[in-house]
Amino acid sequence: MNFKRIQLIFLAIFIAMDVFLFWSFNRSSVGNSDASSSNNVLEEMRKDQITFTKPTTKTHEGYYFSGNNGSELRQVASSLQDQSLRFNGTELVSEFKKPIKLTSGETKKTLDKVVNNPLVIAKGDHYSYSSRLSSDSQIVYVQRVAAGPVYSHYGQIRFAVNNQDRVIGYSQNYLENVKILKEASKTISEERALTWLYQYNEIPNGAKISWSNLAYTRLLTARGQYVFLPTWVFAVKISSSSTVVLKRVNAYTGEIIKTGDGNQSSNSNSEIFTMT
Amino acid sequence: MKLRQLWLPTCLGIAVLISLGLSGLLWTNPAHSNLSTRIKVTKSTDNSTNTTFQDIYLPSQIISTDKQGNQEVLTNNRVNVASELRDKISKFTGTDVQTVSQHNSKKYLQQLRRKDTILLNYNSAMTVTFFRKAFGNQLKIPNQKFNRMQLLLNDPNHMYLLNDQTLRVVRVKLKNNHAGKLRHVLADKMIKHPASFIMLNGKPIISYNRAVRVRTYSYQLTQQTQSYYANRIMTTNSNSNMQIKRHSNRTTYDDHGFRHMSVNNKTDTVTFTNYNSTVKSSSFLQTMNHIYQQLVMVGMPLDNVRFYSYDSGNETAVFRTYIGGLPVFDQSDYGAVQMKVLDQTSYQMIFSLDSLQVPIPPVQNTASVESTKTLMAQLKAAGIRRSRIQGLQLGYQWTRDKSLPKVVDLSPTWYVEIGGQWQTYRSLING
């Protein structure tokens with residue numbers, strides 16, 4: 001009888017030990033199953049309370065291209081109807097004579113019709129709706145060049161929305177003389193771009209990556225032409241405030257592109273931007 | 001009755017065994033030790049480059065021959081034709097080989113001019129094992145050297161391997177090849193320059209039948225700092241004690257061990273010697289793989305850099321910047337990177353701090369280049385004998401822009417090889 005009791009106690013102890021060993025084994029093997037370095041970085045980011053959806057590891061293709069804002073908009077602007085327009089340099093600024101009413105959920109549908117009407121918007125077929133760049137007060141259509149969207153005001157239409165949900169007018173820039181400067185080349189993956197952004201201390205603790213996208217950004221201006229390249233754009237929302245900051249990573253080299261003062265600086269290669 | 005007595009010791013036994021097994025697993029796996037639970041991430045991710053072995057060893061030139069026998073050199077503004085073709089060529093397997101002809105220049109030229117084919121060319125001889133790796137292919141044939149591959153658009157069951165040195169033509173029997181995929185690549189909008197093969201001093205060269213207009217390029221000069229390379233390649237784990245000496249026109253770095261680096265401050269050229277880098281075997285594939293790994297280790301930008309030629313005599317490989325399908329000359333005396341294998345354990349690498357990464361709009365879109373016939377006539381008029389010419393190559397000349405700082409203009413021109421040196425034909429005519 002006594003021996004049976006001892007056996008029972010031993011059994012209980014060993015089962016407890018098995019559970020503990022299994023738990024610790026499981027925990028450490030989960031931590032080590034992701035052996036690659038970028039996964040470690042992602043894990044560190046999670047430890048810093050940065051929220052993000054798992055980035056893709058796929059590489060894409062993109063181009064270097066050049067273009068400028070020229071006189072093409074001015075040439076076709078005279079045929080536009082139902083608006084009073086003027087030019088601010090090469091930028092077309094227009095006010096609708098009859099504001100367009102937006103109903104929630106139908107924004108894209110309503111404005112797609114407007115943008116695709118050549119009597120209302122010039123060159124509208126080159127632009128597409130961007131829900132990511134749009135807000136309550138501004139709806140953004142981005143020009144699509146070389147199979148990608150242009151995330152720069154040099155190729156966008158921005159509709160102004162008043163607080164009664166009516167579109168009162170818009171400003172438009174159009175990239176013309178677009179020339180591909182180099183054959184398509186592979187970009188880095190979203191995952192690489194995100195980990196680099198983190199390693200350059202561009203993502204504060206507790207921030208949230210709302211979205212990310214591969215889009216064209218102006219790198220420099222040379223010989224009167226803007227030079228664009230594919231970039232990974234991350235929308236970083238800082239926890240304490242409601243502001244969203246767009247962070248751009250050169251999708252070829254992984255360098256961070258600072259867009260603060262009109263693309264004037266980059267932390268790793270400042271001379272890239274000093275040309276005129 | 002007996003079963004009820006037995007269950008307790010059995011369960012105990014199983015529990016003991018499980019705990020033994022689990023603790024054994026935990027102890028023997030070094031990854032579970034405390035030391036590695038939190039691996040500090042350093043910026044080692046930087047050395048991962050976008051350029052793969054396959055990219056850097058792409059064929060340097062593509063020539064198509066149509067059904068009528070017209071030959072054209074192919075390039076494309078939007079895509080890299082060579083890599084597109086490479087992606088389509090993988091997957092086929094080759095079995096039988098048969099030598100068609102050897103040391104017969106007439107038959108060799110005939111083969112080069114074969115109708116309805118596509119030729120992929122290298123400047124130097126490759127091996128079959130190398131080709132298998134560079135193309136991710138299953139060519140199961142005896143190892144041999146060749147520098148051109150000819151794919152037949154009307155016969156997916158065969159291809160030819162050609163060797164300029166021995167003028168050897170080898171026919172390979174193929175399985176699982178799809179000529180349709182190749183046609184698909186060729187159907188894309190291409191820039192085509194009419195050309196033909198001629199024999200020059202026993203070597204086939206490509207000749208442009210008439211003057212052609214070739215795209216010009218401008219690039220922003222990206223300059224890497226000396227300290228970047230010094231930190232990357234001169235600070236190894238074993239010895240962090242690096243000696244730096246500054247001379248009037250050069251700076252030398254020495255790690256008191258196996259590595260030495262010298263930077264010429266006038267030409268911005270880096271000479272890096274590594275005395276502790278063992279090549280496993282001296283096969284062509286191993287050498288090329290070793291060179292590629294060393295390029296990645298040094299960490300220079302390899303975006304546009306491609307293999308140009310390999311001289312097995314002095315074991316020197318030359319890499320050049322390729323823009324729009326043509327090599328860039330005059331960047332320096334040696335190309336973009338020159339790698340010389342000194343012996344089994346050491347090598348010397350020469351490269352520039354400058355590289356071309358960001359294209360900018362050129363002043364002119366295209367420039368005209370003389371036909372090969374005109375070129376040869378001009379060379380003859382300048383007193384350069386045909387027998388002295390070792391090679392002709394259309395390439396880009398690297399010149400610094402006069403008005404913009406840090407901008408390089410690339411204009412197409414003919415390069416002539418005389419005495420192992422590539423020179424522009426203009427410098428030969430004027431000099």
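These figures come from a predicted structure and were not determined experimentally. Below, read A as the first sequence line, B as the second, and so on, with proteins coming before strands; counting in each chain starts at 1.
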Checklist entry - So among B:Ile14, B:Leu20, B:Leu12, which one has a side-chain contact (heavy atoms from CB on, under 4.5 Å) with A:Phe14? => result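 Exactly one option meets the side-chain contact (heavy atoms from CB on, under 4.5 Å) with A:Phe14, and it is B:Leu12.
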Next on the checklist: Among A:Val19, A:Ile15, A:Val227, which residue has the highest count of heavy-atom pairs closer than 4.5 Å to chain B?
Outcome noted: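 Looking at each of A:Val19, A:Ile15, A:Val227 in turn, A:Val227 comes out on top.
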Next on the checklist: I'd like to know which of A:Thr59, A:Leu229, A:Thr253, A:Ile180 tops the heavy-atom pair count under 4.5 Å against chain B.
Outcome noted: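 Heavy-atom pair counts peak at A:Ile180.
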Within 6.0 angstrom of [X] [atom1], more than 12 heavy atoms from elsewhere:
{"X": "A:Gln7", "atom1": "CD", "value": "yes"}
{"X": "A:Lys123", "atom1": "NZ", "value": "yes"}
{"X": "A:Phe10", "atom1": "CZ", "value": "no"}

For [X], enumerate each residue passing the side-chain contact (heavy atoms from CB on, under 4.5 Å) test, keeping only those at least two apart in sequence or located in another chain.
{"X": "B:Leu22", "answer": "A:Leu21, A:Phe22, B:Ile18"}
{"X": "A:Phe20", "answer": "A:Trp23"}
{"X": "B:Arg213", "answer": "B:Thr366, B:Ser368"}

Checklist entry - Hey, which residues of residues 63-70 of chain A are touching chain B, say heavy atoms under 4.5 Å apart? => result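 Against chain B, the residues of residues 63-70 of chain A that fall inside the cut-off (heavy atoms, under 4.5 Å) are A:Tyr63, A:Tyr64, A:Ser66.
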Checklist entry - Which heavy-atom pair separates A:Leu181 from B:Pro359 by the least distance, and what is that distance? => result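 Looks like CD1-O, 3.3 Å.
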Next on the checklist: To the nearest 0.5 Å, what is the distance between CD on A:Glu183 and CG on B:Asn304?
Outcome noted: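 So the CD of A:Glu183 and the CG of B:Asn304 are separated by 7.5 Å.
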Checklist entry - If you measure from CG on A:Asp18 to OG on B:Ser23, what distance do you get to the nearest 0.5 Å? => result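 Answer rounded to 0.5 Å: 8.5 Å.
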Next on the checklist: Apply salt bridge (charged side-chain N to carboxylate O under 4.0 Å, His left out) to residues B:Asp303 and A:Lys182 and explain how you reach the verdict.
Outcome noted: CA-CA 12 Å; B:Asp303 305 343; A:Lys182 198 187 147 185; 5.7 Å; no
Item to check | Which atoms of A:Lys186 approach chain B - backbone, side chain, both or neither, heavy atom under 4.5 Å | outcome: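 Interface part for A:Lys186: both.
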Next on the checklist: Please rank B:Gly324, B:Gly21, B:Ala15, B:Ser403 by heavy-atom pairs under 4.5 Å with chain A and give me the top one.
Outcome noted: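 When all of B:Gly324, B:Gly21, B:Ala15, B:Ser403 are compared, B:Ala15 has the most.
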Next on the checklist: Go through it in stages, so that I can follow the logic: the residues are A:Arg223 and B:Ser218, the test is side-chain contact (heavy atoms from CB on, under 4.5 Å), and I'd like the CA-CA distance, side-chain angles, deciding distance and then a yes or no.
Outcome noted: CA-CA 11 Å; A:Arg223 293 183 174 135; B:Ser218 279; 2.8 Å; yes
Item to check | Which portion of B:Gln357 sits near chain A, non-hydrogen atoms under 4.5 angstrom | outcome: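 Both the backbone and the side chain of B:Gln357 come within 4.5 Å of chain A.
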Checklist entry - What part of B:Pro9 gets closer than 4.5 Å to chain A, counting heavy atoms only: side chain, backbone, both or neither? => result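 For B:Pro9, backbone and side chain are both near chain A.
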